[in-house]
Amino acid sequence: MAVPKRKVSPSRRGMRRSADALRKPTYIEDKDSGELRRPHHVDLKTGMYKGRQVLKPKTEV
């Protein structure tokens, strides 16, 4: 049976669990359209990313 060699300190245990916390996603205001969007993501309404057109803009039906 596998048994830990040493006791895990509360500090080390806390560092391991630090990634378990839920965080709400961050949003930034787009420079061109003023809409909120995730940083480092393509704006799906305009299709722009870093000032370049990478997707065709969505057309409303």
Side-chain angles (χ1 to χ4, degrees):
M1 184 171 138
V3 179
K5 192 104 172 172
R6 294 179 201 241
K7 179 179 178 179
V8 177
S9 70
S11 173
R12 190 169 290 274
R13 181 191 64 210
M15 284 188 256
R16 182 178 67 242
R17 293 180 180 171
S18 68
D20 294 345
L22 293 176
R23 297 180 195 94
K24 61 181 181 181
T26 57
Y27 289 93
I28 61 169
E29 187 175 331
D30 192 50
K31 291 184 287 189
D32 303 323
S33 64
E35 298 275 334
L36 291 178
R37 66 172 179 82
R38 298 287 309 272
H40 307 284
H41 283 69
V42 175
D43 186 11
L44 293 177
K45 284 191 174 182
T46 60
M48 299 288 285
Y49 181 72
K50 287 189 172 181
R52 291 183 290 136
Q53 189 74 35
V54 293
L55 293 175
K56 293 179 190 170
K58 276 186 157 182
T59 56
E60 295 187 25
V61 178

Taking all atoms of both residues into account, what is the closest heavy-atom pair of Pro57 and Gln53, and its distance? CD-NE2, 3.6 Å
Atom CZ of Arg16: over 12 foreign heavy atoms under 6.0 Å: yes
Connecting only ILVMFWY residues whose side-chain heavy atoms lie within less than 4.5 Å of each other, what is the rest of Leu36's hydrophobic cluster? Tyr27
List for me each residue that meets side chain to side chain contact (heavy atoms under 4.5 Å, CB included) alongside Ser9, sequence neighbours excluded, and say none if there are none. Ser11, Arg12
Hey, any chance Met48 and Val54 share a hydrophobic cluster, counting ILVMFWY side chains that come within less than 4.5 Å of each other, even indirectly? no
Give me each pair satisfying side-chain hydrogen bond (donor to acceptor under 3.5 Å, both in side chains) with a member in residues 34-44, each pair once, sequence neighbours excluded. Asp30-Arg37, Asp43-Thr46
